[in-house]
2 protein chains.
Amino acid sequence: MARRNDHSREQIQQMAITAAIGILNEEGPGQLSTRKVASAIGYTVGTLYLVFRNLDELLLHVNAATLDELHSAIRSALANQHTPVEQLKAIAFSYLEFARHQYARWSLLYSHQLQNGEQAPAWFNDKVNALFGLVEIPLKTVKPDMSHKDLVCATRVLWSGVHGACELALNNKLRLGDEVSADVLIHSMIDNYLAGLACEQVTA
Amino acid sequence: MARRNDHSREQIQQMAITAAIGILNEEGPGQLSTRKVASAIGYTVGTLYLVFRNLDELLLHVNAATLDELHSAIRSALANQHTPVEQLKAIAFSYLEFARHQYARWSLLYSHQLQNGEQAPAWFNDKVNALFGLVEIPLKTVKPDMSHKDLVCATRVLWSGVHGACELALNNKLRLGDEVSADVLIHSMIDNYLAGLACEQVTA
DNA sequence: ACCTGAACACCGTTCAAGT
DNA sequence: ACCTGAACACCGTTCAAGT
């Protein structure tokens, strides 16, 4: 014991991230703990604190992997779409699909808060910006005369609107009844918001 | 000890709910625990489990109180508004204000999940429905020819859209930059969604 | 240098025992 | 009947001690 050198720092980090994702998928967010991750990779908890500052930092890496997968899921959904409206809907519905099939990881993306006001590192924020970038491209085609500010605004409105609909619908917080589903909400949200952008001059 | 009869079941419940709200406001959601609530009201943890089934049920009552306050905050914001669009915006911005000033309680409303698929009791869902009802009234005035389904849909789109913008903006998940704020997002969302409803016949 | 094992200060929940 | 106190099975995090 006490000196194995079986794995490098980086290998242990990667093993821990993979193990955490496995626990998240199989047992849910409530069951994820440093002790379980450690025992899943055959090390003790102490070792985890040798390669990560704390649980927060491990979860940040789990979220980074989730953002990467979400990014490529959206990109492959975009491949078959040609009109910008089709593209925006493909993004929204692949987001909904991702949330449905990777619910634990998807919700960790939002429930995980860095403690005592720490900022996410730049490489993490870059991944988030890349996702918004996927929305900006078709939006720019829909309305080429938008200012940068309006483009940032419209991107975030669509993103947070679709996100809110996914979150509340998947958590049964919307009292939807039988007639309406998350899909219906997203269609209505995108169609009408874009129609509004097209036919209205919004005053500042 | 062991038999005080200082308070009735209902009194202890109410004291616990009030104490939990205090801890939430003063120390944040991470610091809320059964042990802290119990010691704040001068009882042991065991007593808490005599009047609540578990922590979940206590949090449900905390959330019920939060929904009541949110309801009356929105109602008083509505009092000064006359046009339906003004009313919808008053609802949205009082929601944002509430989220900003009661952040811990507001986020508990959404982060609190009943465990193993239990359903919230009917009296709780009634409070949620009452909130949606506040949105339905001005919406019906804006577009009186809406079907029930379309009204349910539009209400939920606005609610979850505004909610998503509040959640992501307050959590700094939107990479907004200097030019755009949560207020700008909400204005854009409501203006354009309503404009879309007004000028477009959405196909099913 | 790398890793462990035990400790510290917490959790939610249960329940025999006391009055 | 009401309430306690201790127990059980967990947490995240730290760090002296071992090789």
Side-chain angles (χ1 to χ4, degrees), chain A residues 1-17 19-20 22-24 26-63 104 108 111-118, chain B residues 1-17 19-20 22-24 26-63 104 108 111-118:
Chain A
M1 293 292 155
R3 192 176 197 298
R4 304 173 7 180
N5 248 27
D6 292 343
H7 307 278
S8 69
R9 257 183 83 87
E10 288 69 26
Q11 280 176 319
I12 295 178
Q13 282 179 347
Q14 201 48 62
M15 287 158 65
I17 294 167
I23 295 169
L24 230 32
E26 282 150 40
E27 306 180 50
Q31 294 301 308
L32 182 61
S33 71
T34 52
R35 285 173 152 89
K36 280 204 181 170
V37 170
S39 94
I41 65 173
Y43 281 85
T44 58
V45 245
T47 302
L48 234 40
Y49 286 84
L50 253 35
V51 299
F52 293 110
R53 228 155 25 90
N54 49 30
L55 177 59
D56 249 27
E57 196 177 83
L58 169 55
L59 296 184
L60 187 80
H61 283 86
V62 169
N63 279 343
L108 186 68
S111 64
H112 177 235
Q113 300 279 31
L114 295 181
Q115 49 204 13
N116 32 295
E118 279 183 272
Chain B
M1 293 292 154
R3 192 177 197 299
R4 305 172 8 179
N5 249 23
D6 291 343
H7 306 279
S8 70
R9 257 183 84 86
E10 288 69 27
Q11 281 176 319
I12 295 178
Q13 282 180 347
Q14 201 48 61
M15 288 158 65
I17 294 167
I23 295 169
L24 230 33
E26 282 150 39
E27 306 180 49
Q31 294 301 307
L32 182 61
S33 71
T34 53
R35 286 174 152 88
K36 279 203 182 172
V37 170
S39 95
I41 64 172
Y43 281 84
T44 57
V45 244
T47 302
L48 235 39
Y49 286 84
L50 252 35
V51 299
F52 294 109
R53 229 156 23 92
N54 49 30
L55 177 59
D56 249 27
E57 196 178 84
L58 169 55
L59 296 184
L60 187 79
H61 284 86
V62 170
N63 279 344
L108 186 67
S111 65
H112 177 235
Q113 300 278 32
L114 294 181
Q115 49 203 14
N116 32 295
E118 280 183 272

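All values reported here derive from a predicted model rather than from experimental measurement. Quick note on labels: first sequence line is chain A, next is B, and so on, each numbered from 1.
Atom pair A:R4:CZ and D:dG18:C1' shows a separation of 15 Å (rounding to whole Å applied). B:Q31 has its CD atom 9 Å from the P atom of C:dC10, to the nearest Å. In this entry the distance linking CG of A:N5 with C1' of D:dT19 reads 12 Å, nearest Å. With rounding to whole Å, B:H7 atom NE2 is found 9 Å from D:dC3 atom P. Between B:L48 atom CG and C:dC15 atom P the separation is 17 Å, expressed in whole Å. Protein atom CD1 of A:I41 is 14 Å distant from nucleotide atom C1' of C:dT4, rounded to whole Å.
Note that the CD1 atom of A:I12 and the CD1 atom of A:I17 stand 12.0 Å from one another [nearest 0.5 Å]. With values rounded to the nearest 0.5 angstrom, A:N63 atom CG is found 10.0 Å from A:L58 atom CG. The distance from atom CD of B:Q113 to atom CG of B:D56, rounded to the nearest 0.5 Å, is 9.5 Å.
Closest non-hydrogen pair, A:I41 versus A:A19, comes out as CG2-CB, 3.7 Å. Of all the heavy atoms in A:E57 and A:V51, the pair that sits closest is OE1-O, 4.1 Å.
Taking a pair as Watson-Crick or G-U wobble with both distances under 3.5 Å, DNA chain D forms stems of 3 or more consecutive pairs at C:4-8 with D:12-16, C:12-16 with D:4-8.
By the ring-ring contact (aromatic ring centres under 6.0 Å, His included) test, B:F52 is found to be paired with B:H61, residues two or more places apart in sequence or in another chain being considered. Shown here are the side-chain hydrogen bond (donor to acceptor under 3.5 Å, both in side chains) partners of B:N54, two or more places apart in sequence or in another chain: there are none. Under the rule for a side-chain hydrogen bond (donor to acceptor under 3.5 Å, both in side chains), the partners of A:E118 that lie at least two apart in sequence or sit in another chain are A:R53. With sequence neighbours excluded, no residue forms a salt bridge (charged side-chain N to carboxylate O under 4.0 Å, His left out) with A:R9. Partners of A:L32 by side chain to side chain contact (heavy atoms under 4.5 Å, CB included), not counting sequence neighbours, listed by chain and number: A:A20, A:I23, A:L24, A:V37, A:L59. Among residues two or more places apart in sequence or in another chain, the side chain to side chain contact (heavy atoms under 4.5 Å, CB included) test is passed with B:D6 by B:R4, B:Y43.
If A:K36 and B:L50 are placed on DNA chain D by their nearest nucleotide, the residue sitting closer to the 5' end is B:L50. Residues A:T47 and A:S33 both approach DNA chain D. Their nearest nucleotides, taken by heavy-atom distance, put A:S33 toward the 5′ side.
Among residue pairs with one or both ends in residues 33-43 of chain A, those qualifying as salt bridge (charged side-chain N to carboxylate O under 4.0 Å, His left out) are A:E27-A:K36; sequence neighbours excluded.
Of all the residues in residues 52-60 of chain B, not one reaches under 4.0 Å from DNA chain D with any non-hydrogen atom. Against DNA chain D, the stretch residues 9-17 of chain B makes heavy-atom approaches under 4.0 Å through B:I12.
In this structure, A:T34 does not reach the D:dC11 phosphate: none of its side-chain N or O atoms is under 4.0 Å from OP1 or OP2. For C:dT14, neither phosphate oxygen OP1 nor OP2 lies less than 4.0 angstrom from any side-chain nitrogen or oxygen of B:Y49.
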Close N/O contacts between protein and nucleotides 6-9 of chain C (under 3.5 Å):
from, atom 1, to, atom 2, distance (Å)
C:dA7, N6, A:R35, NH2, 3.3

